[in-house]
Amino acid sequence: MSLQIQMIGTGSAFSKKFYNNNALVTCNGFTLLVDCGYTAPRALHELGIEINHINGLLITHIHADHVGGMEEFAFRLKYTYKYRMKLFVPADLVDSLWNQSLRGGLENKSEGFFGLEDYFELIIMEEAVSTVIHSGFTLELIRSEHIRDKPSYSLLINEKVFYSSDTKFNYPLLVGLHEEQRCQYILHDCQLSSPGIVHASLNELLTLPDTIQGSVMLMHYDDYIEEFIGKTGKMTIMKQHSTYSFP
Ligand SMILES: Nc1ccn([C@@H]2O[C@@H]3COP(=O)(O)O[C@H]3[C@H]2O)c(=O)n1
Ligand SMILES: [Zn+2]
Ligand SMILES: [Zn+2]
């Protein structure tokens with residue numbers, strides 16, 4: 001099954017040079033937007049991608065660089081495109097996504113809009129279960145360690161690509177996935193300064209064996225990434241707006 005990932009942004013949360021680290025994952029004609037940060041609408045606009053060309057949206061955790069564009073998405077789906085897009089949400093994020101993030105803008109009692117399902121076709125996902133979201137397109141949520149007591153998830157896509165989203169460095173997980181041949185590629189967030197605190201730092205990622213580094217692609221990085229060209233070991237730096245194929 002051919003799998004393509006286009007990074008609509010590769011920046012860290014506070015980047016002023018790169019858009020939020022959000023990605024379009026396409027498999028077998030189904031395009032999933034992984035996270036919809038506050039820059040996602042502009043990034044998609046610049047790429048010439050209309051919202052209605054996206055088949056589904058998945059949220060990894062509740063931070064503005066991952067959900068801040070959802071209000072605009074919801075309003076445009078409701079009033080411009082007039083359909084409910086599939087929204088894949090980890091079970092323990094459903095309540096906070098609405099009540100702590102979107103409700104202030106999207107609740108509209110006079111028109112009868114009280115929850116996520118008034119804007120999206122809500123699909124609740126469980127952790128550690130391989131879920132077929134479209135023919136030949138499977139996703140598994142892997143709970144990540146990002147902010148204590150705040151659920152966040154990495155993704156295993158088609159048992160081929162590990163997409164970290166936001167996580168602290170987890171050496172045993174990455175080595176385990178590689179040794180068990182559960183993934184061939186690792187797309188990982190990368191904080192250039194140390195310590196990582198809530199992200200994986202470059203120095204931590206550089207402790208991975210060369211055999212694994214060769215499959216690592218760095219994303220969610222700071223504005224001064226250019227200073228690190230040639231200093232990321234065997235790991236490559238993802239380019240914003242580029243599309244990568246994973247055969
Ligand atoms: N303990 C923390 C918590 C958060 N942060 C920053 O806040 C950002 C929120 O979005 P993010 O992409 O998860 O990156 C986080 C850190 O930059 C941080 O630097 N230290
Ligand atoms: Zn982030
Ligand atoms: Zn985050």
Side-chain angles (χ1 to χ4, degrees), residues 5-25 32-44 57-73 87-102 104 125 127 139 141-157 161-170 173-174 186-205 216-225 227-228 232 235 237-242:
I5 299 184
Q6 181 173 32
M7 300 306 301
I8 68 165
T10 53
S12 65
F14 312 139
S15 173
K16 300 294 172 276
K17 222 168 136 181
F18 305 106
Y19 293 126
N20 299 151
N21 198 88
N22 306 158
L24 286 169
V25 181
L32 178 74
L33 177 61
V34 176
D35 289 328
C36 182
Y38 56 91
T39 64
R42 173 171 289 274
L44 291 168
L57 168 61
L58 180 144
I59 295 306
T60 63
H61 67 295
I62 316 284
H63 270 155
D65 57 322
H66 300 265
V67 298
M70 282 189 72
E71 179 176 311
E72 176 173 335
F73 243 63
L87 174 64
F88 299 89
V89 188
D92 54 2
L93 290 185
V94 173
D95 182 63
S96 54
L97 180 59
W98 178 255
N99 283 307
Q100 298 180 331
S101 185
L102 298 176
M125 295 187 71
E127 177 191 352
L139 288 179
L141 299 175
I142 299 176
R143 176 82 181 226
S144 68
E145 216 190 315
H146 181 39
I147 308 279
R148 202 197 308 168
D149 299 328
K150 200 170 166 60
S152 10
Y153 293 89
S154 301
L155 305 176
L156 188 58
I157 306 168
V161 175
F162 174 79
Y163 181 95
S164 71
S165 188
D166 288 8
T167 183
K168 293 182 192 177
F169 184 58
N170 187 339
L173 174 71
L174 299 177
I186 296 171
L187 277 51
H188 215 290
D189 61 328
C190 175
Q191 184 180 302
L192 299 174
S193 59
S194 293
I197 306 182
V198 300
H199 290 285
S201 71
L202 177 58
N203 283 339
E204 288 171 317
L205 289 161
V216 175
M217 304 168 82
L218 304 175
M219 58 183 191
H220 204 295
Y221 44 69
D222 307 293
D223 282 352
Y224 51 104
I225 185 73
E227 293 170 30
F228 286 82
T232 59
M235 300 181 285
I237 299 168
M238 296 194 94
K239 282 206 171 107
Q240 175 166 291
H241 292 183
S242 290

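Each ligand, and each atom within it, is numbered from 1 in the order the structure gives. Just so you know, residue 1 is the first one in the sequence shown, and it goes up from there.
Remark: ligand 1 atoms within the under-4.0 Å shell around heavy atoms of H220 are 12 (O). Atoms of ligand 1 lying under 4.0 Å from any heavy atom of H199, numbered from 1 in the order shown and given with element: 11 (P), 12 (O), 13 (O), 14 (O), 15 (C). Which parts of ligand 1 touch D65 is read off a 4.0 Å heavy-atom cut-off, strictly below it: atoms 10 (O), 12 (O). Taking a cut-off of under 4.0 Å to the non-hydrogen atoms of H146, the atoms of ligand 1 that pass are 13 (O).
Under the 30°/60° scheme for interplanar angles, the aromatic rings of H61 and H63 are found to stand perpendicular.
Between the side chains of S152 and D166, no donor-acceptor pair is found at a separation under 3.5 Å.
Atoms of the protein (N, O or S only) found under 2.8 Å from the Zn ion (ligand 2) are D65 OD2, H66 NE2, D166 OD2, H220 NE2.
A salt bridge links E145 to K168: one of the charged nitrogens lies within less than 4.0 Å of a carboxylate oxygen.
Between the CD atom in Q6 and the NE2 atom in H241 there is a gap of 7.5 Å [rounded to 0.5 Å]. Note: L155 CG to T60 OG1 = 7.0 Å, rounded to the nearest 0.5 Å. In this structure, OG in S12 is found 9.0 Å from CG in N21, a value given to the nearest 0.5 Å.
Partners of F18 by ring pair (Phe, Tyr, Trp, His ring centres under 6.0 Å), not counting sequence neighbours, listed by chain and number: Y221.
Counting only distance, with no hydrogens or angles, the side chain of S164 and the backbone of D189 share a donor-acceptor pair below 3.5 Å. Remark: the backbone N or O of F14 is paired with a side-chain donor or acceptor of K16 at under 3.5 angstrom. Side chain of S201 to main chain of P195: no donor-acceptor pair is present (N/O by atom type, distance under 3.5 Å, no hydrogens or angles).
With a heavy-atom cut-off of 4.0 Å, I147 touches ligand 1 through its side chain alone.
Of all protein heavy atoms, the one lying nearest to atom 10 (O) of ligand 1 is A13 CB, 3.3 Å. The nearest heavy-atom contact from the protein to atom 5 (N) of ligand 1 is V198 CG2, 4.1 Å. Regarding atom 8 (C) of ligand 1, its nearest protein heavy-atom neighbour is F14 CZ, 3.6 Å.
Here the side chains of E227 and L192 are not in contact, with every heavy-atom distance at 4.5 Å or above.
For the pair Q191 and ligand 1, no heavy-atom separation below 4.0 Å is found.
Under the 4.0 angstrom criterion, atom 19 (O) of ligand 1 counts as lacking any protein heavy-atom contact.
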